Enquirer: 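For reference, the structure I am asking about is given below.
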Protein chains: 2
Amino acid sequence: MSPAARNSPGLSSDSASVQDYVKVIYAFTEWQDKPVTMTALAARLKVANSSVTEMVRKLVDLGLANHKPYNPVELTPEGLRLALLMVRRHRLLETYLVHELGYGWDEVHNEAELLEHTVSDTLVDRMSARLGHPDRDPHGDPIPSADGTIELPAAHVLSTLDEGHQGRVARISDANPHLLRYLSDEEIRLDTAVTMLGRKPFGGALTVQVGSGGRVRELDLGDELAASVWVMTEGRHEGCTLEKS
Amino acid sequence: MSPAARNSPGLSSDSASVQDYVKVIYAFTEWQDKPVTMTALAARLKVANSSVTEMVRKLVDLGLANHKPYNPVELTPEGLRLALLMVRRHRLLETYLVHELGYGWDEVHNEAELLEHTVSDTLVDRMSARLGHPDRDPHGDPIPSADGTIELPAAHVLSTLDEGHQGRVARISDANPHLLRYLSDEEIRLDTAVTMLGRKPFGGALTVQVGSGGRVRELDLGDELAASVWVMTEGRHEGCTLEKS
DNA sequence: TGCGGAATTTCGGCATACCTAAATTTACAA
DNA sequence: TTGTAAATTTAGGTATGCCGAAATTCCGCA
Ligand SMILES: [Mn+2]
Ligand SMILES: [Mn+2]
Ligand SMILES: [Mn+2]
Ligand SMILES: [Mn+2]
């Protein structure tokens, strides 16, 4: 079966590869703001640098990206629109698998990575409806709405939390399943309260207090862990809204 | 993401095309027993004859099919195993979409045709469990078990039903969505009782009585329709079992 | 100011899965 | 038996996406 015109314009017409490239380019700047280099894309996509060069040229031809030779890549409004649609699919799929089919939050990423290219808009919408139109996925990543709007929570990396201050877990990078499993085991999940106690001397681990009410624990966090967890401090709720095109 | 080894041996290693060819070869002989010709495959797959020749050679190389030049194709036990796994995926997906996500039985085929190549064994098994391990899909087609066993109901094409005899709808070909929608509108679905009244003279339409208890109707069926509906006469329940390898 | 290493692009190739047009083989009918 | 039309295969090509190796470009530092 050929990818027919059963979806949003400029969605089913794009190959799975194009979809993944665009999505990765977007994801690169969702929580940071560094320039997106060819090498970085190659590493993330597990592909040779030369392959990225070629595909980026294609993205430019398709009007999805802007690129001047030897410079970083940027999405066009058109590319951003496609990226947000793909991100929506990916995150809704993850959420659906966790809430409706009993997956663990460390098990859903690969499944969603493939399914996102195959599900129809109809299916995505039905899953969203079934879930009550959730606004974040199991890892706390915001789910773009069907019209291509996304609202980023005003969360910060845990390691930047000031000593003595408290926050709630708002997001956890889903890059490392082992890390996710560890956090589950430690009963740290979205919205878990965390208080920064301080850093052990000489570049040591961060120490945090986990939980708020009854059972409170202290926990040392390694560097990767501290860099993978985002927290939201109470009160603040601004966030920032990205619109399509 | 490359098709990794997250599935049954010899499943994720096969391309979507290989999976579709094998599945179509199987489907061809599920309800009939004619030799599977190149031309028939080409027509069903909407592909040039020469493409089929090439791909069949590949299937032979992969040990999935037997083929002597200018002769019909047959699946090897290995090929049958793969085909039944694909059929299981396809039919469970259709069933899931209908029962859990509100799809109509005329809307699920294309969606399943794509998803079947992308879902993991784990996902299929969870869907099956969620559905209570159903043994037939929305069109009455039997769902192979996870170990590759399928039980074909002893159904016959409606047009072969003897005059005056009654049966229940056991299967409807899902080839034509319009036909499925028409049957829904006429409130004919699986297990609906049907009694053969006879054929209008001079090659005319079949006339059947639909329903059994209270509201009974007469209905004329065109040729395509009569050939697309299978019925099971009461009492008989033998069926036949196909095993893997 | 120019050098050298890193990043990027270019080049030639490979695998998959298609296609059209041109053989080739087969089967059946005269 | 032989011709011929249909079915099938072969040959030559295209489009995607990927690769490694070889150029090229860039940038910071001596
Ligand atoms: Mn993907
Ligand atoms: Mn996620
Ligand atoms: Mn398919
Ligand atoms: Mn079906």
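Residue numbering restarts at 1 for every chain, and letters A, B, ... go by the order of the sequence lines. What you see is a predicted model; the values in this text were computed from it and never measured.
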Enquirer: With sugar-phosphate meaning primed atoms plus P, OP1 and OP2, does B:Ala48 contact a base, only sugar-phosphate, or nothing at under 4.0 Å between heavy atoms?
Expert: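 B:Ala48: base contact, heavy atoms under 4.0 Å.
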Enquirer: Classify B:Ser17 by what it touches in the nucleic acid, base, sugar-phosphate, or nothing, heavy-atom distance under 4.0 Å.
Expert: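 Contact class for B:Ser17: sugar-phosphate only.
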Enquirer: Looking at the side chain of A:Thr39, which of C:dC18, D:dT8, C:dA7 is the nearest nucleotide?
Expert: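 Output: C:dA7.
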Enquirer: Of the listed nucleotides (D:dC19, D:dT9, D:dG17), which one gets closest to any side-chain atom of B:Pro69?
Expert: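 Of all the options, the side chain of B:Pro69 is nearest to D:dT9.
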Enquirer: Nearest heavy atom decides the nucleotide; on that basis, is B:Asn71 or A:Tyr21 closer to the 5' end of DNA chain D?
Expert: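 Checking each residue's closest nucleotide, the 5'-ward one belongs to B:Asn71.
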Enquirer: Could you tell me whether the side chains of A:His90 and A:His109 share a donor-acceptor contact shorter than 3.5 Å?
Expert: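 Side-chain D/A pair, A:His90 to A:His109: present.
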Enquirer: OP1 or OP2 of D:dG17 sitting under 4.0 Å from any side-chain N/O of A:Ser15?
Expert: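 For D:dG17, OP1/OP2 do have a side-chain N/O of A:Ser15 under 4.0 Å.
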Enquirer: Report the nucleotide, chosen from C:dG12, C:dT26, C:dT9, that has the shortest atom-to-atom distance to any side-chain atom of B:Tyr70.
Expert: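 Of the candidates, C:dT26 comes closest.
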Enquirer: Give B:Thr53 one of three labels, base, sugar-phosphate or nothing, depending on what nucleic acid heavy atoms sit under 4.0 Å from its own.
Expert: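 Counting heavy atoms under 4.0 Å across all strands, the contact made by B:Thr53 includes a base.
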Enquirer: Checking side-chain polar atoms at under 3.5 Å, does B:His67 have a donor or acceptor matched by the opposite partner on B:Glu74?
Expert: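 No pair is found: no donor N or O on one side chain lies under 3.5 Å from an acceptor on the other.
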Enquirer: Among side-chain atoms of A:Asp106 and A:His178, is any donor-acceptor pair under 3.5 angstrom?
Expert: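 A:Asp106 vs A:His178: no donor-acceptor pair found between side chains.
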Enquirer: Taking the side chain as every heavy atom from C-beta outward, state whether B:Tyr21 and B:Val52 have any atom pair closer than 4.5 Å.
Expert: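 Contact flag for B:Tyr21/B:Val52 side chains = yes.
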Enquirer: Does A:Ser50 reach a base, just sugar-phosphate, or nothing at all? Heavy atoms under 4.0 Å.
Expert: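 The residue A:Ser50 makes base contact.
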Enquirer: Counting side-chain heavy atoms from C-beta on, which of C:dT16, D:dT9, D:dC19 comes nearest to A:Ser51?
Expert: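 So the nucleotide nearest the side chain must be D:dC19.
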Enquirer: Using a heavy-atom cut-off of 4.0 Å across all strands, would you classify B:Val52 as base, sugar-phosphate, or nothing?
Expert: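 No contact.
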